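Below is one structure, written out as structure tokens; comments come after it.
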Amino acid sequence: MAKSDPNTAEPAEVRSHFIREKIEADVRAGKHGGRVVTRFPPEPNGYLHIGHATSINLNFGMAAAFPGGICNLRFDDTNPEAEDVEYVDAIQQDIRWLGFDWGDRRYFASDYFQQLFDFAIRLIEKDLAFVDSSSLEEIRKQRGNFYEPGTESPHRGRSIGENLDLFRRMRAGEFADGAHVLRAKIDMQSPDLNLRDPIMYRIRKVHHHRTGDEWPIYPMYDFAHGLSDAIESVTHSLCSLEFVDHRPLYDWYLEACETEARPEQTEFARLNLNYTVLSKRRLLQLVEERHVSGWDDPRMPTLCGIRRRGYPPEAILQFCDEVGITKRDSVVDIGLLEHFVRDALNFGAPRAMGVLRPLKVVIENFPEGRVEELDAPFHPNDPSFGSRKLPLSRVVYVERDDFMEEPAKKWFRLAPGSEVRLRYACLITCTDVIKDPKSGEVVELRCTWDPDSLGGAPADGRKVRGTLHWVSAEHAVEAEVRLYDRLFKEENPSAGGGDFLASLNPDSLEVLSGCQVEPSLASAQSGDRMQLERIGYFCVDRASASAGKLVLNRTVGLRDTWAKEAKRASS
RNA sequence: UCCCCGGUCGUCCAACGGCAGGACAACAGACUUUGAAUCUGUGAAUCGUGGUUCGAAUCCACGCCGGGGAUCCA
């Protein structure tokens, strides 16, 4: 076998990228004392999705790639209005699930509110910040626009003493929301609008999920982020491309505050995937408007969603590595993710048999009451998985789709008169087709078996092309199966500024009840993954426990070249 | 009209002045008790125009195309 077991295999050769190269060069040059400290900085205002996995993998991965490297988890919780502990908990769970560990280095930007405040005082004392009492509209007007420079605030010339006094009183809660802001004194003429006297603090008398009502003022992202990095002695602050324009400001704050550590910001392109949306706003909308059952709906691109769907974390990591890190903004085919999911599950998931849409088959020359116990391996190419016994009896179920009354060409499954193999069991030949007299629907097949083919191999060695999955009717376990398809019909649901909900795929979920699966699955536990042979990979949904029945989620289907050919022939 | 970042097979990534290569997808075949997996093979790209150079995907200029940037969000 070319590929070995994923548990023992070397990780695929490490693909380099410009950030890894930069860090290597920095370490070689002894920059930042030769240390590597990164951080993953989620805002706790939403659930993590597959796009975040790129950043998590990068930040934790780079830290792990260098001796002594560390990666902090830091919640960027400077805007209490949207943030919540619910998200903090979920985010931690998702990162752990991906396999990363921040040790005891779980931080919050809000842990630094006092230090940040002190930095702000220092900037005022250096006459690099001032309290502006302009209204929101006035400040917006002062900022100018892309084509016109800004104008200085009339309060820009306040004395240091007055600024200090005002800012302290802002902190003390003496003023109403919006009465004043603290602004950095930079350059209203700058072509980079971020440098036009950006706001550092605003008054917001709202409850913070960690600091409670202690602070009536909250720092803005640009001020808080770089300084938080500096406080943590982060060396490499990796973020997405939309912050490129903020880098001069990031550096300005560090310089102005004369921080000891001088972290460097480097930007990379965030992940885009076709047939899905990856914006917090849209994901939140899907949840709130009940287009999906929740954040962990298996159709969601959230980490909890794909976890429930059955995607193994190592597949996601491999996907991240394969996609790489660049500054180009690109759209990755969801098929690549599915490839890695299949790849991981092919090696890691035991096989089982289950019939989604049962068609009854009576084996007429199989004695009533006889049960054959047949040995079937849990994995065709890995004996370490062991095997189980499959009971074979006179009545079995096969997949409805595996029978064609008028077979297509190159069809080698069941059809009147055709001989097929029941996997690991025996050869059967279809002798009769029984239909519902009213509807004409095929309701039962009558077959005969070759008793000398027990186990699936005919005594005379004749070739039988078709092999079908099946279950013994009297031994089968009933299950509900949820078939998932892509959530959106369009490659880019958000294209053209139109309503992304318009491209929601109405067939993204199909629930099948009355499915029949082999008895060994009766003991399957929530989260267990398996391949249902010839159909796809599945995992046991957490609803199984409460529903009192087996509920399986289809993680991803098997590649199906027959379906592809059939589709081509019909079109 | 301003600033910033990008443009390499259908898609994603590599090639760091010296044979444009890999992965996914596609296609053809081998093997097969999963029409899976595996194996073999095929087709498929440097945005354009100039310039520098013995030699340019790579450096320079101009153009074109795409993305981002004006919140008391991050």
Side-chain angles (χ1 to χ4, degrees), chain A residues 1-3 12-13 15-18 21 41-43 45 76-79 81-83 132 134-136 139-140 143-150 177-178 180-183 190-194 196 198-204 217-218 220-222 224-225 239-248 267 269 274 280 319 321-333 335-340 342-343 346-347 351 353 376 380-381 410-413 421-425 427 453 455-457 464-469 531-536 557-566:
Chain A
M1 221 184 299
K3 286 182 182 174
E13 75 293 2
R15 190 191 297 274
S16 197
H17 48 70
F18 77 101
E21 286 171 4
E43 183 187 11
N45 70 344
D76 222 334
D77 57 349
T78 56
N79 181 15
E81 278 159 306
E83 297 157 5
D132 195 347
S134 306
S135 69
L136 207 147
I139 288 177
R140 190 174 302 148
R143 191 158 32 227
N145 55 40
F146 292 151
Y147 323 112
E148 283 165 25
D177 286 12
H180 309 280
V181 291
L182 185 69
R183 287 230 252 173
S190 175
D192 180 351
L193 306 224
N194 296 115
R196 319 241 263 227
I199 292 168
M200 293 166 59
Y201 272 90
R202 75 282 207 188
I203 301 172
R204 192 108 320 163
I217 55 173
Y218 292 96
M220 302 289 291
Y221 168 84
D222 289 298
H225 198 92
C239 66
S240 46
L241 242 31
E242 68 266 29
F243 293 105
V244 172
D245 293 337
H246 295 241
R247 195 182 338 132
E267 312 83 9
N274 57 12
K280 280 186 182 177
F319 170 76
D321 286 338
E322 180 63 29
V323 165
I325 300 291
T326 67
K327 301 180 82 145
R328 281 175 236 148
D329 102 277
S330 52
V331 182
V332 179
D333 194 324
L336 187 64
L337 213 207
E338 292 174 343
H339 161 75
F340 285 110
R342 287 194 189 96
D343 194 51
N346 178 41
F347 286 99
R351 312 292 136 116
M353 289 200 282
N381 356 49
K410 289 201 274 180
W411 175 262
F412 38 82
R413 277 119 95 151
R421 174 169 27 242
L422 297 183
R423 180 123 160 116
Y424 299 130
L427 265 22
S453 65
V464 174
R465 216 39 223 283
T467 300
L468 271 43
H469 59 280
Q531 182 195 103
L532 253 27
E533 295 213 40
R534 305 212 306 132
I535 304 175
L558 252 29
R559 283 189 66 208
D560 190 346
T561 47
W562 166 253
K564 203 185 295 179
E565 190 160 328

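What you are looking at is a predicted structure, and each value in this text was computed from that prediction instead of being measured. Chain A is the first sequence line, chain B the second, and so forth, proteins listed ahead of strands; every chain is numbered from 1.
- Judged by distance alone, the side chain of Arg413(A) and the main-chain N or O of Thr467(A) form no donor-acceptor pair under 3.5 Å.
- Ion pairing of Asp321(A) with Arg15(A) is absent here, as no side-chain N (NZ or NE/NH1/NH2) approaches a carboxylate O to less than 4.0 Å.
- Across all strands shown, Pro380(A) has heavy atoms under 4.0 Å from base atoms, whether or not it also approaches the sugar-phosphate.
- In this structure, Phe412(A) reaches the bases: a heavy-atom distance under 4.0 Å links it to at least one base atom across the strands shown.
- Across the protein-nucleic acid pair, Lys327(A) atom NZ and C4(B) atom P stand 13 Å apart, rounded to whole Å.
- Closest to the side chain of Leu558(A), out of U34(B), C12(B), A74(B), is U34(B).
- Under a 3.5 Å cut-off, the side chain of Arg204(A) and the backbone N or O of Ile217(A) do not form any donor-acceptor pair.
- Residue contacts for Met353(A): at a heavy-atom cut-off of 4.0 Å it reaches no nucleic acid atom on any strand shown.
- A sub-4.0 Å separation between OP1 or OP2 of C73(B) and a side-chain N or O of Arg204(A) is present.
- Between Ile199(A) and Leu182(A), the closest side-chain pair of non-hydrogen atoms is not below 4.5 Å.
- The CD atom of Glu148(A) sits 17 Å away from the C1' atom of G69(B) (whole-angstrom rounding).
- Closest to the Val244(A) side chain, of the nucleotides C4(B), U32(B), A70(B), is C4(B).
- Just one of Arg202(A), Arg183(A), Arg143(A) meets the salt bridge (charged side-chain N to carboxylate O under 4.0 Å, His left out) condition when paired with Asp132(A); it is Arg183(A).
- The P atoms of U58(B) and A70(B) are separated by 33 Å, rounded to the nearest whole Å.
- Within the structure, a side-chain polar atom (N or O) of Lys564(A) is placed less than 4.0 Å from OP1 or OP2 of A26(B).
- One atom, CD of Gln531(A), and another, P of U33(B), lie 16 Å apart when rounded to the nearest Å.
- Set against C16(B), C24(B), U34(B), the side chain of Glu21(A) has C16(B) as its closest nucleotide.
- At a threshold of 4.5 Å between non-hydrogen side-chain atoms, the residues Asn274(A) and Val332(A) do not count as touching.
- Looking at heavy-atom distances under 4.0 Å, Arg413(A) makes contact with a base.
- The separation between Asp192(A) atom CG and G68(B) atom P is 17 Å, rounded to whole Å.
- Rounded to whole angstrom, the span from the CD atom of Glu43(A) across to the C1' atom of C73(B) amounts to 7 Å.
- Here the nucleotide nearest the side chain of Asp343(A), chosen from G35(B), U38(B), C2(B), is U38(B).
- Residue contacts shown for Ala457(A) include a base, since a base heavy atom lies under 4.0 Å away.
- Look at the P atom in both G21(B) and A15(B): the space between them is 14 Å, to the nearest Å.
- When only modelled atom types and interatomic distance are considered, Asp192(A) and Ser190(A) share no side-chain donor-acceptor pair under 3.5 Å.
- Using a 4.0 Å heavy-atom criterion, one finds that Val331(A) contacts the sugar-phosphate atoms exclusively.
- Within 4.0 Å of Ser134(A), counting heavy atoms only, lies at least one base atom of the nucleic acid.
- The nucleotide whose nearest atom lies closest to any side-chain atom of Leu336(A) is, among U11(B), C24(B), G22(B), C24(B).
- In this model, the phosphate group of A14(B) is approached by a side-chain N or O of Arg328(A) to a distance below 4.0 Å at OP1 or OP2.
- Here the shortest heavy-atom pairing between Lys410(A) and Trp562(A) reads O-CZ3, 3.7 Å.
- Between Arg15(A) atom CZ and C16(B) atom P the separation is 15 Å, expressed in whole Å.
- Taking the P atoms as reference points, C31(B) lies 14 Å from A36(B), given to the whole Å.
- Taking every side-chain heavy atom of Phe243(A) into account, A74(B) is the closest of A74(B), G22(B), A36(B).
- As judged by a 4.0 angstrom heavy-atom cut-off over every strand, Asn346(A) is placed among residues touching the sugar-phosphate backbone only.
- OP1 or OP2 of C73(B) has at least one side-chain nitrogen or oxygen of Arg202(A) nearer than 4.0 Å.
- Of the candidate nucleotides U1(B), G35(B), A37(B), U1(B) has the atom lying nearest to any side-chain atom of Tyr147(A).
- Note on His225(A): nothing from the nucleic acid sits closer than 4.0 angstrom, heavy atoms only.
- Taking atom P on both nucleotides, C13(B) is separated from C3(B) by 28 Å, rounded to a whole Å.
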Pairing string, 5' to 3', for RNA chain B - Watson-Crick or wobble contacts under 3.5 Å, brackets [ ] where pairs cross, | to another strand: .((((((..((((....[..)))).(((((.......)))))....(((((..]....))))))))))).....
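- Of the side-chain N and O atoms in Thr326(A), none sit less than 4.0 angstrom from OP1 or OP2 of G6(B).
- Within 4.0 Å of Val181(A), counting heavy atoms only, lies at least one base atom of the nucleic acid.
- For the pair Asp329(A) CG and U8(B) C1', the computed distance is 16 Å after rounding to whole Å.
- The closest side-chain heavy-atom distance from Leu468(A) to Arg534(A) is below 4.5 Å.
- Look at Arg351(A) and you won't find any side-chain N or O under 4.0 angstrom from OP1 or OP2 of A37(B).
- Residue Arg342(A) is out of contact with every strand shown, counting any heavy-atom pair closer than 4.0 Å.
- The side chain of Ser190(A) contributes no N or O atom lying less than 4.0 Å from OP1 or OP2 of C3(B).
- Here Gly324(A) lies out of heavy-atom contact (under 4.0 Å) with every strand.
- Counting only heavy atoms from C-beta on, Lys410(A) has its side chain closest to G35(B) among U34(B), G68(B), G35(B).
- One finds a side-chain N or O of Thr561(A) lying less than 4.0 angstrom from the OP1 or OP2 phosphate oxygen of A36(B).
- At the phosphate of G69(B), neither OP1 nor OP2 sits under 4.0 Å from any side-chain N or O atom of Arg143(A).
- Donor-acceptor pairing under 3.5 Å is recorded for the side chains of His225(A) and Asp76(A).
- For Ser330(A), counting side-chain heavy atoms from C-beta on, the closest listed nucleotide (U32(B), A74(B), C13(B)) is C13(B).
- Taking atom CD1 of Ile139(A) as the reference point, atom P of C72(B) lies 7 Å away to the nearest angstrom.
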